[in-house]
Participant: 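Take this structure, written in structure tokens, and hold onto it; I'll ask about it next.
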There are 2 protein chains.
Amino acid sequence: MLTTRKSNKRQLILEEAAKLFKQKGFGGTSMRDLAGEVGIEAASMYNHIRSKDEILELICFRVSSTYISQLAEIEATDAPYVEKIKALIRLHIRLMIEDGAAVSVANHDWKYLPEPALTEFKQARKQYEKGFAALIEQGIAAGEFQPVNVSVALFTILSAVRWVELWYRPGRELSAEELEANIITMLLTGLEKK
Amino acid sequence: MLTTRKSNKRQLILEEAAKLFKQKGFGGTSMRDLAGEVGIEAASMYNHIRSKDEILELICFRVSSTYISQLAEIEATDAPYVEKIKALIRLHIRLMIEDGAAVSVANHDWKYLPEPALTEFKQARKQYEKGFAALIEQGIAAGEFQPVNVSVALFTILSAVRWVELWYRPGRELSAEELEANIITMLLTGLEKK
DNA sequence: AATCAACACAAACGAATGTTTGTTAGTATG
DNA sequence: CATACTAACAAACATTCGTTTGTGTTGATT
């Protein structure tokens, strides 16, 4: 008998690591903490992973590549720019809800990546931001958006969508759909009544 | 001769600590790192501060009490709610620009506060959020704002204002005033052109 | 039955951590 | 001049860290 061919212990380590890193930070989480959560000794984890840094890399790059490939999909559609931006906002919220721990780690602990990875990650993030910004710029050119500073719009949207991690709990007053609708309203039509 | 009665070395430590904590995180900054920046040995710092934790506490609570007292001032005016919210947004941006390192630490490293302080800090933050939310709620009731979910509006604003720390550099394309104007436009009238 | 890889463990490693200790030089106060 | 305080230092402290090593067990393969 075997649990699953090619043990899933590695996957379990990554999942528990994401939770702990989110909760206590990368530096604040020891390999012994993590091992305790997984249910083995710290030394045993090295049968499944190369190092603590490798865990961080795997988490961060899984998240960044998800964002980048999803951005490419949205870019390829021929919806109005308003709809593309809405789709991106929904993407961020969904990922945050479904994979919140990993997304939080990629948002906060990426700076502890060891050096070739650090530069690579920053480039990936910049690439994503460039693509996102281009959609906003084109939307302004097409007359769909107000002529606001593109960087300000970009980072306002990206940041506004981050707090979901701090706030959303499955049994909360708002469903995921209501949450999306409310955030989209805030960002696209603003707080003030016209 | 003396440099200044009641040495400012303690203040210097706090300032350098804020910079380092922002840059490398609380856990990622060692007392030897910090001492090096201050220009003395690690042991010597204990003539000026009680512990590493105390440094974090002093930074975090200085920031939280600034926010709370400024909120009280704004609450006391009798401007329209739109103007009160704008004033709060401007307050956040100004504090971020003028005291960015400390604000960043209070935003990111508060979770490493030791225990009585941790609870106290969370309460202070909750108190601030409650006051901010009340202004939004009253603004909706007064017909100045759209009937959006209050928590969503609150956290969208608070988050949207945080990225300034990552982005603003004194010699940037946008002045502080232009930055404020753009963010306020985004948050109050939205991205979409009507 | 023998072999082998996978995987768990205890023990230990060196490095780094926050902090304490003991001491010393300089300076203000009586 | 004697006293007391401030603030610097080197050295060492115990602890924790990520990781390595060596060893044992288990279950599948040959």
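Sequence lines set the chain letters: A, B, ... in the order given, protein chains first and strands last, and positions in each chain run from 1.
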Participant: Looking just at side-chain N and O atoms, do Glu115(A) and Thr119(A) make a donor-acceptor pair shorter than 3.5 Å?
Facilitator: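 Checked: Glu115(A)/Thr119(A) side chains pair up, N/O donor to acceptor below 3.5 Å.
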Participant: On the side chain of Asn47(B), is there an atom forming a donor-acceptor pair with the base of dA8(D) - under 3.5 Å, no angle test?
Facilitator: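 Counting by modelled atom types and ignoring angles, a donor-acceptor contact under 3.5 Å is found here.
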Participant: Can you tell me if Lys9(B) touches the phosphate of dT6(D), counting only side-chain N or O atoms and a distance under 4.0 Å to OP1 or OP2?
Facilitator: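 Looking at the OP1 and OP2 atoms of dT6(D), neither is under 4.0 Å from any side-chain N or O of Lys9(B).
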Participant: Distance check: side-chain N/O of Ser44(A) vs OP1/OP2 of dC9(C), anything under 4.0 Å?
Facilitator: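 Yes, Ser44(A) has a side-chain N/O under 4.0 Å of OP1/OP2 on dC9(C).
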Participant: So among Met45(A), Lys52(A), Lys19(A), which one has a side-chain contact (heavy atoms from CB on, under 4.5 Å) with Leu34(A)?
Facilitator: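 So, applying the side-chain contact (heavy atoms from CB on, under 4.5 Å) to Leu34(A) and each of Met45(A), Lys52(A), Lys19(A), only Met45(A) qualifies.
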Participant: Evaluate the criterion side-chain contact (heavy atoms from CB on, under 4.5 Å) for residue pair Gln23(B) and Thr29(B); output intermediate values, then yes/no.
Facilitator: CA-CA 9 Å; Gln23(B) 189 187 318; Thr29(B) 303; over 6 Å; no
Participant: Between dC9(D), dC9(C), dA8(C), spot the one nearest the side chain of His48(A), thanks.
Facilitator: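 Nucleotide nearest to His48(A)'s side chain: dA8(C).
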Participant: Assess whether atom NZ of Lys130(A) is packed by more than 12 heavy atoms of other residues, nucleotides or ligands within 6.0 Å.
Facilitator: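 Counting other residues, nucleotides and ligands, NZ of Lys130(A) stays at 12 neighbours or fewer.
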Participant: Rounded to the nearest Å, what distance is computed from the CG atom of residue Leu34(A) to the P atom of nucleotide dC17(D)?
Facilitator: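 So the two atoms are 12 Å apart, to the nearest Å.
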Participant: Expressed in angstrom and rounded to an integer, what is the separation of Leu56(A) atom CG from dT19(D) atom P?
Facilitator: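 Result: 12 Å.
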Participant: May I have the distance from Gln11(A) (atom CD) to dC7(C) (atom P), rounded to whole angstrom?
Facilitator: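 Checked: the CD to P distance equals 14 Å.
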Participant: Whole Å only: how far is the CG atom of Asn8(B) from the P atom of dT6(D)?
Facilitator: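 Nearest whole value for this atom pair: 16 Å.
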Participant: For residues 90-101 of chain A, run the donor-acceptor check on the side chains, cut-off 3.5 Å, and write out each pair with its distance to 0.1 Å, sequence neighbours left out.
Facilitator:
{"residue": "His92(A)", "atom": "NE2", "partner": "Tyr128(A)", "partner atom": "OH", "Å": "2.6"}
{"residue": "Arg94(A)", "atom": "NE", "partner": "Glu180(A)", "partner atom": "OE2", "Å": "2.9"}
{"residue": "Arg94(A)", "atom": "NH2", "partner": "Glu180(A)", "partner atom": "OE1", "Å": "3.2"}
{"residue": "Arg94(A)", "atom": "NH2", "partner": "Glu180(A)", "partner atom": "OE2", "Å": "3.3"}
{"residue": "Asp99(A)", "atom": "OD2", "partner": "Arg62(A)", "partner atom": "NH1", "Å": "2.8"}
{"residue": "Asp99(A)", "atom": "OD2", "partner": "Arg62(A)", "partner atom": "NH2", "Å": "3.4"}

Participant: Does Thr185(B) form a side chain to side chain donor-acceptor pair (under 3.5 Å) with Gln146(A)? I'd like the steps, not just the answer.
Facilitator: CA-CA 9 Å; Thr185(B) 298; Gln146(A) 294 197 68; over 6 Å; no
Participant: Measure from CE on Met45(A) to P on dA10(C) and round the result to the nearest Å.
Facilitator: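 Rounded to the whole Å, the gap is 14 Å.
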Participant: Give the B/S/- string for nucleotides 14-19 of chain C, one per nucleotide from 5' to 3', where a protein heavy atom under 4.0 Å of the base yields B, of only the sugar-phosphate yields S, and otherwise -.
Facilitator: ---BBB
